[in-house]
Amino acid sequence: MNVSEAVANRRSIRSFSSQPVDDNVIKRVLDKASRSPSGGNVQPWRFYVLNNDAMERFKQTAEAALTSGKPQNIEYSIYPPKLQEPYRSSRFKCGEDMYKLLEIEREDKPARLNWLSNNYRFFGAPAGLFCFIDRGMGAPQWSDLGMILQTIMLLFQEEGIDTCAQEAWSQMASTVHEFVEPPENLMLFCGMAIGYRDQAAAVNGLVTDRAPLEDWATFLS
Ligand SMILES: Cc1cc2nc3c(=O)[nH]c(=O)nc-3n(C[C@H](O)[C@H](O)[C@H](O)COP(=O)(O)O)c2cc1C
């Protein structure tokens with residue numbers, strides 16, 4: 001698989017089969033992904049991997065937290081309070097396309113909320129990771145996280161393994177912090193579900209739109 005194929009094949013997968021992912025594969029991918037660039041080569045990312053027993057225990061912890069409804073520390077607001085156009089419509093369309101595949105109507109808020117809670121089950125993935133960053137880091141270092149996260153997702157593609165990046169975990173940060181026990185200065189950016197897609201799940205058929213090149217790239221004359 002070449003880079004273009006990995007980029008084209010990667011999609012966010014939101015329903016996984018129970019087929020396990022070998023720890024050695026995850027190690028290999030993270031090791032290779034460490035070649036990702038970062039400003040000044042500061043490599044500001046810190047990862048915690050969940051697989052096998054640790055994942056089992058974590059899923060039980062997360063489920064208990066979900067059902068308890070205990071208030072959570074929210075690390076950051078995922079979107080600006082007033083998401084402007086055209087970004088707002090793009091976000092809306094992606095959600096609507098997903099719920100169409102799931103056959104959940106717009107009015108059925110409980111069903112939509114219920115579906116969203118699958119984020120906190122890693123969408124059934126057998127493995128996952130959490131990506132943290134030092135609280136003292138700024139926007140440039142946060143952008144470095146994107147570098148390595150996409151590299152990780154593409155390398156998993158090469159291994160035939162699917163992923164879904166998950167900012168949703170930032171809204172359940174207390175549970176993640178209690179379980180992971182990272183150094184105090186770290187804050188959670190996102191999680192990532194890792195596994196093999198459930199071929200039969202309609203939601204995995206979602207192919208999101210992209211704005212045409214001329215909307216976001218300007219060639220100066
Ligand atoms: C940093 C990041 C965080 C994301 N968080 C979530 C999430 O919490 N839940 C979710 O279902 N999808 C999440 N996504 C997936 C996006 O919705 C998805 O990338 C986007 O709609 C484009 O679709 P594609 O990944 O299938 O190309 C996230 C993606 C990124 C890059």
Side-chain angles (χ1 to χ4, degrees), residues 10-19 48 50-51 54-132 142 145-146 149 153 162-180 187-210:
R10 187 214 55 81
R11 280 195 269 143
S12 295
I13 290 302
R14 297 186 179 86
S15 181
F16 290 83
S17 78
S18 57
Q19 186 180 342
Y48 289 83
L50 293 164
N51 202 8
M55 182 53 121
E56 268 316 300
R57 284 189 288 112
F58 178 74
K59 280 184 176 167
Q60 284 171 22
T61 305
E63 204 61 43
L66 266 183
T67 46
S68 79
K70 207 175 102 192
Q72 291 277 337
N73 174 35
I74 292 170
E75 290 278 30
Y76 58 90
S77 297
I78 293 182
Y79 300 102
K82 283 210 174 87
L83 192 60
Q84 303 291 327
E85 292 299 345
Y87 315 110
R88 190 174 174 275
S89 291
S90 186
R91 182 187 171 204
F92 181 82
K93 172 82 169 28
C94 158
E96 289 308 306
D97 287 351
M98 184 178 78
Y99 289 120
K100 205 177 283 170
L101 289 172
L102 290 161
E103 297 181 3
I104 302 176
E105 301 293 332
R106 184 116 76 92
E107 299 70 41
D108 198 348
K109 296 272 185 277
R112 287 191 169 200
L113 271 177
N114 192 39
W115 160 258
L116 283 178
S117 69
N118 287 324
N119 266 292
Y120 305 115
R121 301 181 184 99
F122 278 110
F123 295 117
L129 57 76
F130 289 120
C131 175
F132 288 81
W142 276 72
L145 300 185
L149 287 163
M153 293 193 283
D162 292 305
T163 52
C164 185
Q166 295 183 278
E167 284 158 338
W169 285 110
S170 65
Q171 314 295 294
M172 220 202 196
S174 308
T175 300
V176 176
H177 275 265
E178 276 161 33
F179 190 88
V180 172
M187 78 178 276
L188 177 64
F189 170 42
C190 70
M192 184 188 292
I194 302 166
Y196 297 88
R197 73 181 69 182
D198 173 355
Q199 300 285 357
V203 71
N204 290 339
L206 179 63
V207 180
T208 48
D209 297 341
R210 292 297 186 271

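Here the structure is a predicted model, which means the values were calculated and not measured. All values below come from the heavy atoms of this structure, side chains included, with hydrogens, waters and symmetry mates left out. The residues of the chain are indexed from 1 along the displayed sequence.
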Enclosure of Tyr87 OH (heavy-atom neighbours >12, cutoff 6.0 Å)
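Count not over threshold, so no.
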Q) Would the number of heavy atoms belonging to other residues, nucleotides or ligands and lying under 6.0 Å from CD of Glu103 be above 12? A)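 12 or below, so no.
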So, taking the atom named [atom1] in [X] and the one named [atom2] in [Y], what distance separates them when rounded to the nearest 0.5 Å?
X: Gln199; Y: Ser17; atom1: CD; atom2: OG; result: 8.5 Å
X: Leu116; Y: Arg14; atom1: CG; atom2: CZ; result: 9.5 Å
X: Glu167; Y: Ile78; atom1: CD; atom2: CD1; result: 5.0 Å
X: Phe92; Y: Asp97; atom1: CZ; atom2: CG; result: 10.0 Å
X: Leu50; Y: Met192; atom1: CG; atom2: CE; result: 12.5 Å
X: Phe132; Y: Leu145; atom1: CZ; atom2: CG; result: 11.5 Å

Out of Lys70, Gln72, Glu75, which residue meets the side-chain contact (heavy atoms from CB on, under 4.5 Å) rule with Ser174?
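Among Lys70, Gln72, Glu75, the one that satisfies the side-chain contact (heavy atoms from CB on, under 4.5 Å) with Ser174 is Gln72.
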Query raised in the report: Do side-chain atoms of Asn204 reach the backbone of Ser15 as a donor and acceptor pair under 3.5 angstrom?
Result: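 Present.
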Here the side-chain hydrogen bond (donor to acceptor under 3.5 Å, both in side chains) pairs for residues 106-116, sequence neighbours left out, are Glu96-Arg112
Kindly say whether the aromatic ring centers of Tyr48 and Trp169 come within a distance under 6.0 Å.
no
Carefully, step by step, assess Gln171 and Tyr120 under the rule side chain to side chain contact (heavy atoms under 4.5 Å, CB included).
CA-CA 10 Å; Gln171 314 295 294; Tyr120 305 115; 3.8 Å; yes
Identify the two heavy atoms, one from [X] and one from [Y], that lie closest to each other, and give their separation to 0.1 Å.
X: Leu66; Y: Ser117; value: CD1-O, 4.2 Å
X: Ser18; Y: Pro126; value: O-CB, 4.4 Å
X: Gly205; Y: Leu101; value: C-CD1, 3.8 Å

Flag side-chain contact, heavy atom, 4.5 Å: [X] against [Y]:
X: Arg11; Y: Leu206; result: no
X: Leu188; Y: Met172; result: no
X: Phe16; Y: Asp162; result: yes

- prompt: Which pairs count as salt bridge (Lys or Arg N to Asp or Glu O under 4.0 Å) when at least one residue sits in residues 114-130, sequence neighbours excluded?
  reply: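 Residue pairs with at least one partner in residues 114-130: Glu63-Arg121.
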Aromatic plane relationship, Phe130 with Phe122 - under 30° parallel, 30 to 60° tilted, over 60° perpendicular: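 Aromatic pair Phe122/Phe130 classed tilted.
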Across all chains, not counting sequence neighbours, the side-chain contact (heavy atoms from CB on, under 4.5 Å) partners of Thr61 are Thr175, Phe179
